[in-house]
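Note sheet for the following structure.
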Amino acid sequence: MGDPGSIPGSFAYLTVKDRSPQILTKAIDTLHRHKSEFFEKHGEKGLEAEKKAISLLSKLRNELQTDKPIVPLVEKFVDTDIWNQYLEYQQSLLNESDGKPRWFLSPWLFVECYMYRRIHEAIIQSPPIDDFDIFKELKDQNFFESQESVIALCTHLQELRKTIEDLDENQLKNEFFKILQISLWGNKCDLSLSGGEHISQKTNIMNSLEDLKPFILVNDMDRLWSLLSNYKKTREKESVTRVDIVLDNSGFELITDLVLAEFLLSSKLATKIHFYGKTIPWFVSDTTLHDFNWIIKQLKHSNNKWVSQCGVDWEDHIKTGRWVYLDHIFWTLPHDFSTMSQVAPDLHAALQKAHLIFFKGDLNYRKLTGDRRWEFTIPFHEALSGFHPAPLCSIRTLKAEVQVGLQPGQGEQLTASEPNWLTTGKYGVFQFDGPL
Ligand code: F6P
Ligand code: MG
């Protein structure tokens, strides 16, 4: 994508200039609002910690706004060395006259990831509030505000499960496509795009699927169906079909992903699901283990019987090992996925055992494609630059200026009619890479 400063007015530039400081200001505000909670929990030490975290975040905001050099991480954490090596690598890409990597003169993907990692550093440097998730409130709010859609979705799912065995091939395929589209549009509910303002799913998404179809720019749903239905037909009795879902946002989007996972099991298109989440709070709304468990518990205790049924079933899937939640530091590093086999060979080897991998969301798409300004028509396979652990599919609404695999002229036509089509989250893709 290049560095934010090189193209003033680009989305990358506006992110670093406006959106990132806004996110930091909101984070500072959140700490302020939790002051009494910290005091109740930890007494004076809690207050001191709050002050320290706020001053570290203010310093970070100032560094960003005044385009200071990007400094190494200081607090020892599992990934500190890898981050600092990456920073050295960024330095090595510069000419001597350029000096140090700076906020506006480093690749956007790196700068954005670095900001979230520094937010985490500010928190872990401030014990005893070092396990505080500064974005938790926003994520939870997104879930509560999406209740109507959550109820509609869980009801649909539970009703569907009653008759799923009786559906013919075509009916099952149509249901699969519906559930996939719900998961796609669920990705609009990312809270980083709005600078941390709420974006929730207030209306029942199920009623909008037909109207939203024209906004799917690449639609490989048929290929997903062929792959999974073929596994189902040819699977021997005790053998496993594993689908991995690299999660994105918590709140409503996570519900849509869990619904997809349940559908895959109920329809026998898969027999096991691995979910991957983030080890630290990330890009405001990304899912951590705590969010994952919290949401399932919320569902379980809902007054709505279908919603609570989902919670009960899903807890059971976790207990029985049909659903497995995993995290790995690689997902919160700045590296693109083409480097995974060297940087995180264990994770790469784990993904190789999947029969299909879904990558949810925009940030994953940027990391899949190396966040480069590819020609719109370059094949997805090529943009993956050698990352092919297993058949994979990106399910993503467009929020950044990278898109590949379009038809000739498609991108240009969109640019002419809607100059911001790449960044508003209005368009989406199901983009598959795997056997034909
Ligand atoms: O592109 C805008 C942006 O906020 C990026 O910062 C980030 O790539 C993305 O959107 C987050 O979206 P998602 O939650 O879909 O990964
Ligand atoms: Mg996200």
Neighbour count above 12 (heavy atom, 6.0 Å) for E412 CD: yes
Nearest heavy-atom neighbours spanning L109 and P334: CD2-O, 4.0 Å
Test item: side-chain donor near acceptor, R396 and Q403, under 3.5 Å: yes
Flag for T415-W421: side-chain donor and acceptor within less than 3.5 Å: yes
Cation-pi geometry met for K136 and W294 (6.0 Å, 45°): yes
Neighbour count above 12 (heavy atom, 6.0 Å) for F144 CZ: yes
Side-chain donor/acceptor of E315 to backbone N/O of G311, under 3.5 Å: no
Inter- and intrachain pairs under side chain to side chain donor-acceptor pair (under 3.5 Å), touching residues 339-353, at least two apart: H328-D346
Q309 side chain to D313 side chain, donor-acceptor N/O pair below 3.5 angstrom: yes
Pair N187, D362: side-chain N/O donor-acceptor within cut-off below 3.5 Å: no
Non-hydrogen side-chain atoms of D248 and L363 separated by less than 4.5 Å: no
F77 ring center within less than 6.0 Å of H120 ring center: yes
Salt bridge flag under 4.0 Å for residues R372 and D336: no
Closest non-hydrogen atom pair between Y325 and T288, with its separation: OH-C, 3.1 Å
Sequence-distant partners of W83, side chain to side chain donor-acceptor pair (under 3.5 Å), two or more places apart: D79
Y114 vs L73 side-chain heavy atoms within contact, under 4.5 Å: yes
Heavy-atom check, side chain of F358 versus side chain of D257, under 4.5 Å: no
Heavy-atom neighbours of H290 NE2 exceed 12 at 6.0 Å: no
Inter- and intrachain pairs under ring-ring contact (aromatic ring centres under 6.0 Å, His included), touching residues 19-54, at least two apart: H34-F132, F38-F132
Salt bridge (charged side-chain N to carboxylate O under 4.0 Å, His left out) partners of K305, counting only residues at least two apart: none
Minimum heavy-atom distance between N249 and S285, given as atom pair plus value: OD1-OG, 2.9 Å
Partners passing side-chain contact (heavy atoms from CB on, under 4.5 Å) against K45 (at least two apart in sequence or in another chain): P128
Partner residues of V74 under the side-chain contact (heavy atoms from CB on, under 4.5 Å) criterion, sequence neighbours left out: E121, Q125
Beyond-backbone contact of R161 with S266, side-chain heavy atoms, under 4.5 angstrom: yes
Ion pair check, D244 and R242, cut-off under 4.0 Å: yes
Any donor-acceptor N/O pair, S106 side chain to W103 backbone, under 3.5 Å: no
Residues in salt bridge (charged side-chain N to carboxylate O under 4.0 Å, His left out) contact with E382, at least two apart in sequence or another chain: none
Near-ring test F252/F143, centroid separation under 6.0 angstrom: no
Pairs flagged by salt bridge (charged side-chain N to carboxylate O under 4.0 Å, His left out) wherever residues 47-76 is involved - sequence neighbours left out: K59-E63, E63-R118, D67-R102, K76-D81
Distance-only polar pair, side chains of D327 and T279, donor-acceptor under 3.5 Å: no
Option passing side chain to side chain contact (heavy atoms under 4.5 Å, CB included) with N304 (candidates L299, V150, I151): I151
For D130, all residues meeting salt bridge (charged side-chain N to carboxylate O under 4.0 Å, His left out), sequence neighbours excluded: none
Partner set under side-chain contact (heavy atoms from CB on, under 4.5 Å) for N95, not counting sequence neighbours: S97, D98
Mutual orientation of the aromatic rings belonging to F110 and Y86 [parallel < 30°, tilted 30-60°, perpendicular > 60°]: tilted
E37 atom CD: more than 12 heavy-atom contacts under 6.0 Å: yes
Residue pair W108 / E112, side-chain donor-acceptor N/O under 3.5 Å: yes
Within the 6.0 Å centroid threshold, strictly below: W331 and F337: yes
Atom of L260, atom of I179 and distance for their closest heavy-atom approach: CA-CG2, 3.5 Å
Sub-4.5 Å side-chain heavy-atom contact between F376 and L422: yes
Validation row: L227, P391 side chains within 4.5 angstrom (heavy atoms): yes
Closest heavy-atom pair and its distance - D220, F432: OD2-N, 2.8 Å
Closest heavy-atom pair and its distance - Q431, G405: NE2-CA, 3.5 Å
Check: W185 and F215 side chains under 4.5 Å, non-hydrogen atoms: yes
N207 atom CG: more than 12 heavy-atom contacts under 6.0 Å: yes
E262 with R322: basic N within carboxylate O range, under 4.0 Å: no
N/O donor-acceptor pair under 3.5 Å between T332 side chain and I280 backbone: no
Test side-chain contact (heavy atoms from CB on, under 4.5 Å) applied to N219 - qualifying residues, sequence neighbours left out: I216, M221, F430
Sole candidate of I245, T397, V246 that passes side chain to side chain contact (heavy atoms under 4.5 Å, CB included) when paired with K360: I245
Heavy-atom check, side chain of D131 versus side chain of I124, under 4.5 Å: no
Between CD on residue Q65 and CG on residue L24, distance to nearest 0.5 Å: 8.0 Å
Any side-chain donor near an acceptor of the partner, E418 and Y427, under 3.5 Å: yes
Check: D433/H388 side-chain N/O donor and acceptor closer than 3.5 Å: yes
Exercise: do N420 and T423 side chains pair donor with acceptor under 3.5 Å: no
Centroid-centroid distance, F359 to Y365, less than 6.0 Å: no
Pairs satisfying salt bridge (charged side-chain N to carboxylate O under 4.0 Å, His left out), at least one member in residues 269-279, at least two apart: K278-D286
Short side-chain to backbone donor-acceptor contact, S250 and T287, under 3.5 Å: no
